[in-house]
Amino acid sequence: MAVKSIDDEHHVVRHCKKRLLIREAGKIVSVYPEAFHLRPATEGFAKEDSLSVIYYEFFDGAAEVRMKECCAALTLEVRPKDGLIRLNVGLIKEQGRKRERRLRVTHEPEPTCPAYAAIRGLPEKPDDELATLIANLAIVEALEASAVI
Amino acid sequence: MNTLLPSSQRLSPVVFAWQPSQLETSAQARASLQLPEHMQVSASALTTRQANPIVLSPRRLTTVHRDAPQQAGFEEKLFDACVRLKVLVAQYAMHLSKDERQQIFEQLDDVLNPADWYVEDIFPKQTAFQELLKWSVYSKNYEWRSLGVSDTGDVLVAWLSEAVRLTASFAGDGIVRWTARVRSQTGVEHAAGSSSLQYFDRQARFYLQQ
């Protein structure tokens, strides 16, 4: 399947490791802006050029079903205290415009993950202001993985 | 030596792992680390003496004993990383109340729980955590919550109130990268910046008094 832009009204889900979540009284209240930084090259991984996400509306059904499917679509073994962060595509792009960046959110089906999507256009050198705008204004839902698995 | 306690019991007094090059007594290990008396020492990764048959000459076979550390699994490496950070806290013990020290230890135990980590993750940098401690002592601010770790090992903390969400990232290079979200009478404002450790004290005070 070809790569397609995702509609602004739709959503993507980003897996967020526990160490990047902000919690108050045990409940996820936000994520650290670093969750939206492109990872530089490490010993085991090449540097990122996009943020991996899952296309929420790729799946049908009620909200709980869609989130469960998004979690199942992840190619790693999700830890119970990790977060599943749902972001609105239009709001992601709006934060990019505030920082004069054209962000793209594209559905890029892969054989191992037909719901794979990506947020593209983020700078290689982290833009903390952009990251905090995304963290504070583009997130519509943050769930702990244990509530979804 | 004391046996290692499970993480659920790792409260005061602190029990941590020590990897001596040869077996040492608790007192010797404690003295070499200059640890307070209340810190107990246990060995989670003892050295073992291995017998290696080595041929020194065609006519004589002899056995040479050498010390070799046991292979530490990922969980042990994470535990050791946690211990090293707790030892850093101990170095600043004279500046911390018992409650503040306990709070930091609990946050470390929580963020460095092996159940939450992946093999490819980078552990928090000691230099980064040390700068967080230095800043906290300098600013007398231990109110940060939700200790985190970035993909590159930077140490992350957050302050949360009704009006303000302030985050700070300590990379161990003398600079703090911070972001702020402030609900004001005019709406929601966002800001981000980077400051020296010293100047971040002023930045944090400004935002936290909103």
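Chain A is the first sequence line, chain B the second, and so forth, proteins listed ahead of strands; every chain is numbered from 1.
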State whether the number of non-hydrogen atoms from other residues, nucleotides or ligands found under 6.0 Å of [X] atom [atom1] is greater than 12.
{"X": "B/Gln91", "atom1": "CD", "value": "yes"}
{"X": "A/Arg99", "atom1": "CZ", "value": "yes"}
{"X": "A/Glu124", "atom1": "CD", "value": "no"}

Give me the atom names and distance for the closest heavy-atom approach of B/Tyr118 to A/Leu76.
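That closest heavy-atom pairing would be CE2-CD1, 3.5 Å.
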
Part of residues 131-145 of chain B lying next to chain A, heavy-atom separation under 4.5 Å:
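Residues B/Arg145 are the ones that qualify, each having a heavy atom under 4.5 Å from chain A.
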
Inter-chain contacts: residues 155-174 of chain B against chain A, heavy atoms under 4.5 Å
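Residues in range: B/Leu156, B/Val157, B/Ala158, B/Leu160, B/Arg165, B/Thr167, B/Ser169.
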
Student check: side-chain heavy atoms of B/Glu120 and A/Thr42 closer than 4.5 Å:
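A side-chain contact under 4.5 Å is absent here.
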
For A/Leu130, which atoms come within 4.5 Å of any heavy atom of chain B: side chain, backbone, both, or neither?
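A/Leu130 has no heavy atom closer than 4.5 Å to chain B.
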
Please classify the contact of B/Ile122 with chain A as side chain, backbone, both or neither, using a heavy-atom distance under 4.5 Å.
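The side chain, not the backbone.
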
For B/Thr152, is it the side chain, the backbone, both, or neither that has a heavy atom closer than 4.5 Å to a heavy atom of chain A?
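The side chain, not the backbone.
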
With sequence neighbours excluded, what pairs up with A/Arg79 under the salt bridge (Lys or Arg N to Asp or Glu O under 4.0 Å) test?
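Testing A/Arg79 for salt bridge (Lys or Arg N to Asp or Glu O under 4.0 Å), a comparison that skips the adjacent residues, returns none.
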
In terms of side-chain geometry, is the basic nitrogen of B/Arg177 or A/Asp128 positioned less than 4.0 Å from the acidic oxygen of its partner?
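A salt bridge links B/Arg177 with A/Asp128.
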
Based on non-hydrogen pairs under 4.5 Å, which of B/Val111, B/Asp116, B/Asp110 is most in contact with chain A?
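Maximum pair count with chain A is reached by B/Asp116.
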
For chain B, which residues from residues 5-20 of chain A lie under 4.5 Å away (heavy-atom distances)?
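The residues closer than 4.5 Å to chain B, in numerical order, are A/His15, A/Lys17, A/Lys18, A/Arg19, A/Leu20.
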
Using a distance-only test with no angle check, is there a side-chain donor-acceptor pair under 3.5 angstrom linking B/Asp154 and A/Tyr32?
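Result is no, nothing qualifies.
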
